[in-house]
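Read the structure below first, then the notes.
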Amino acid sequence: MLISLLITLAIGAVWFYVSLPAINLHNTGFYSFVFILLLVYILVFMIVLGVDTGHQEIHLKDYLSFAKNQCKIVVLIVVVMAAIFVVGQLISAPIFRAGSYHELLDVGTGDFATEIEPVSFDEIPMLDEASASVLGDRKLGELSDMVSQFDVSADYTQINYQGRPVRVAALEYGDFFKWFLNTKEGLPAYITVDMVTQEADVVRLSDLGLEGMRYSPSEYFNRDLNRFLRFHYPTYMFSSAHLEIDEEGQPWWVCPRETRTIGLFGGADIIGAVLLNASTGEHAYYDVKDIPTWVDRVYTASLIVQQYDYYGTYVNGFINSLIGQKDVTVTTENFNYLAMDDDVYMYTGITSASSDQSNIGFLLSNQRTKETTYYPAPGAIESSAQRSAEGIVQDLGYTATFPLLLNIGGQPTYFMSLKDSSQLVKMYAMVNVSQYQIVAQGTTVAACESDYIAQLQQRDIPVSSDSAQDILEKTNVEGTIAEIRTAVLDGDSWYYVRLDGADTFYAMAASKDRNVVILNVGDAVSIQISPEDSGNAIVNALSISSGDAAPDPVEEEPDNTTDTGGTEPTTLAEE
């Protein structure tokens, strides 16, 4: 028995070192670890006993009888652990605890127009993770002393750094041999990508007066991040650790601590986090309420989405979630991040359980505190907005990022970047949430916003923002028509209007506003243009209004996103 116990403990130590299960009854992996370890003990005991009794010529019947008596305690432990596991699963099941799952997330209700302030252009993230990854990898490739030894982690964490939205990623060792050559100094740098300027930078820790990162997921043995955490916090369950930097640029691993709040295995939630200095290994545990404010992400977006789905699904109990589904709501298929008030908020749309391709509102959740607010804003689902944005640039083959919801002129508005096949941002688009046939685009955010606000004005949709009113004033041209020219391009009729005392022609397609066909020389008109086009010989007009005539656009089918009537063809500019 002693020999068997020692062998089992040795095998268990090696397995624990490799698999790193949390010694916690809430962790299902702990049960697997114990079960297999007990089975290993029984197997080793039988083998050792057989070797010993073989020398004494003991019969098989006596051997089995003795083995059975000696293994009773082990078998009893296995049965007890199995019973705990099964009972734990039952008391954690939503069918019995639907109310508890509903209460995992505290959701308030807010008013979009009054509570969501218009975001400055230098705070709007223009990139998604895929684009940031391309820029970061490309930047590392420019450095000959690093590119041969290190790779960039696939995890680009979005944070606020010195008041700007930034994605940060750690370096990784290229392979075991490159780790062996460089582990003494540690990882020498990390990557940052500015989400607004789209500039990537390799931040060398030596330039900050810091040592290299000696603790990371790409380390081996005792400096491996997960192994370091397990040895110092053997009973803690952790969700995925991620890299953040404080305001001085020091890299830290933020390691959220998970628990189970419903039964033994249900209701995953975060109750704190370990902050680990990536260079020195200094570490400390903080409860959620005490986590420093420079930390931006404690609750992952996937956890918040899961908790809201519980909240919306079990609002009227478990049976209602399956039959009837009264008031049942769920999140949409994806999420994005928005920087506000020096925190990072997770955004996702909320739709009904029937999946009717429309949103009833959206959710904003602070990733540091989990403060969550629901804002009613009925309109198009995000995927419909993406298709609308892609439709106006379909000839270029650009794809739209998952939208952000912004307050533009007091209107809930989807904002998207348009990327080429290399994942690089080329243009921007705005789509009105309630009327997703209103689509604006531009090569700059300012031009896109100007186009968007002009379209709102054409449709008599109120624009409440002071900044929006300023845009309207700055991009408005008034005068008397001195000349009108026409052309048919790609099957569309275009009208070119020149005002008295000016050389510029303002171009508009009849498909955008049919009233343009009845304009005459001598009419007093007001023309809305994009600020990026001012100064050109031919300028695309966003609207041309004369007297009291309201815009009269050609009606489109709700799902028709192929119209390019608001943009003059390139061939026209060349002509």
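It should be emphasised that the depicted structure is a prediction, and the values quoted were computed from it without experimental measurement. In this chain, residues are counted from 1 in sequence order.
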query: Yes or no on side chain to side chain contact (heavy atoms under 4.5 Å, CB included) for E390 and Q394, after CA distance, side-chain angles and deciding distance?
result: CA-CA 6 Å; E390 291 166 355; Q394 62 179 345; over 6 Å; no
Does any non-hydrogen side-chain atom of [Y] lie less than 4.5 Å from one of [X]?
| X | Y | answer |
| --- | --- | --- |
| M81 | I77 | yes |
| Y299 | S239 | no |
| Y156 | M195 | no |
| V152 | K139 | no |
| N366 | T372 | no |
| K419 | V134 | no |
| V431 | P403 | no |
| I23 | F30 | yes |

Looking only at atom types and distance, does a side-chain atom of [X] sit under 3.5 Å from a main-chain N or O of [Y], one as donor and one as acceptor?
| X | Y | value |
| --- | --- | --- |
| N407 | G410 | yes |
| N336 | F402 | yes |
| Y31 | L25 | yes |
| Q198 | L127 | no |
| E382 | G349 | yes |
| D420 | S422 | yes |
| S417 | T401 | no |
| S131 | Q423 | yes |
| E199 | D194 | no |
| D201 | V203 | no |

query: Does CD in Q325 sit with more than 12 non-hydrogen atoms of other residues, nucleotides or ligands closer than 6.0 Å?
result: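 Counting neighbours around CD of Q325, more than 12 heavy atoms of other residues, nucleotides or ligands fall under 6.0 Å, so yes.
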message: Counting only heavy atoms not in I73 (residues, nucleotides, ligands), do more than 12 fall under 6.0 Å from its CD1?
response: no
In terms of ring plane angle, is the pair [X] and [Y] parallel, tilted or perpendicular, where the classes change at 30° and 60°?
| X | Y | result |
| --- | --- | --- |
| F415 | Y428 | parallel |
| F362 | F112 | perpendicular |
| Y285 | Y233 | tilted |
| Y310 | Y314 | parallel |

query: For the ring-ring contact (aromatic ring centres under 6.0 Å, His included) test, which of F221, F231, Y220 pairs with Y17?
result: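 Only one option passes, and that is F231.
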To the nearest 0.5 Å, tell me how far [X] [atom1] sits from [Y] [atom2].
| X | Y | atom1 | atom2 | answer |
| --- | --- | --- | --- | --- |
| R368 | I159 | CZ | CD1 | 13.5 Å |
| L418 | I392 | CG | CD1 | 6.5 Å |
| R167 | D128 | CZ | CG | 7.0 Å |
| N27 | F238 | CG | CZ | 12.0 Å |
| T197 | M126 | OG1 | CE | 9.5 Å |
| S384 | R387 | OG | CZ | 4.0 Å |

task: State whether Y236 and R257 meet the cation-pi test: NZ (Lys) or CZ (Arg) under 6.0 Å from the six-membered ring centroid, and within 45° of the perpendicular axis.
output: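 Cation-pi check for R257 and Y236: passes.
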So which atom in [X] and which in [Y] form the shortest heavy-atom distance, rounded to 0.1 Å?
| X | Y | value |
| --- | --- | --- |
| I262 | S92 | O-OG, 3.2 Å |
| P256 | I270 | CB-CD1, 3.9 Å |
| T157 | R297 | CG2-NH1, 4.1 Å |
| T413 | V433 | N-CG2, 3.8 Å |
| V328 | T313 | CG2-O, 3.7 Å |
| A389 | V439 | CA-CG1, 4.1 Å |

- request: Determine, stepwise, if the pair L405 / Y414 fulfils side chain to side chain contact (heavy atoms under 4.5 Å, CB included).
  value: CA-CA 5 Å; L405 194 70; Y414 288 127; 3.8 Å; yes
Audit row: L135, L424, side chain to side chain contact (heavy atoms under 4.5 Å, CB included) steps and yes/no: CA-CA 8 Å; L135 295 175; L424 298 179; 3.8 Å; yes
Step through it carefully: locate the ring centre of [X], locate the ring centre of [Y], and say whether they are under 6.0 Å apart.
| X | Y | answer |
| --- | --- | --- |
| F85 | F265 | yes |
| Y308 | F335 | no |
| Y215 | H283 | no |

field: Exercise: do S434 and N432 side chains pair donor with acceptor under 3.5 Å
entry: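 Yes, N432 and S434 have a side-chain donor paired with an acceptor closer than 3.5 Å.
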- prompt: Is it true that the side chains of D309 and T331 contain a donor and an acceptor less than 3.5 Å apart?
  reply: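 Checked: D309/T331 side chains pair up, N/O donor to acceptor below 3.5 Å.
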- request: Scan T280, L187, N277, L171 and name whichever one has a side-chain contact (heavy atoms from CB on, under 4.5 Å) with M213.
  value: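 It is L187, the one option of T280, L187, N277, L171 that forms the side-chain contact (heavy atoms from CB on, under 4.5 Å) with M213.
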Test salt bridge (Lys or Arg N to Asp or Glu O under 4.0 Å) applied to K370 and D269, D106, D343, the passing residue: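 Of the listed options, the one satisfying the test is D269.
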- prompt: Would L363 and V107 satisfy side chain to side chain contact (heavy atoms under 4.5 Å, CB included), going step by step from the backbone distance to the final call?
  reply: CA-CA 9 Å; L363 203 70; V107 181; 4.1 Å; yes
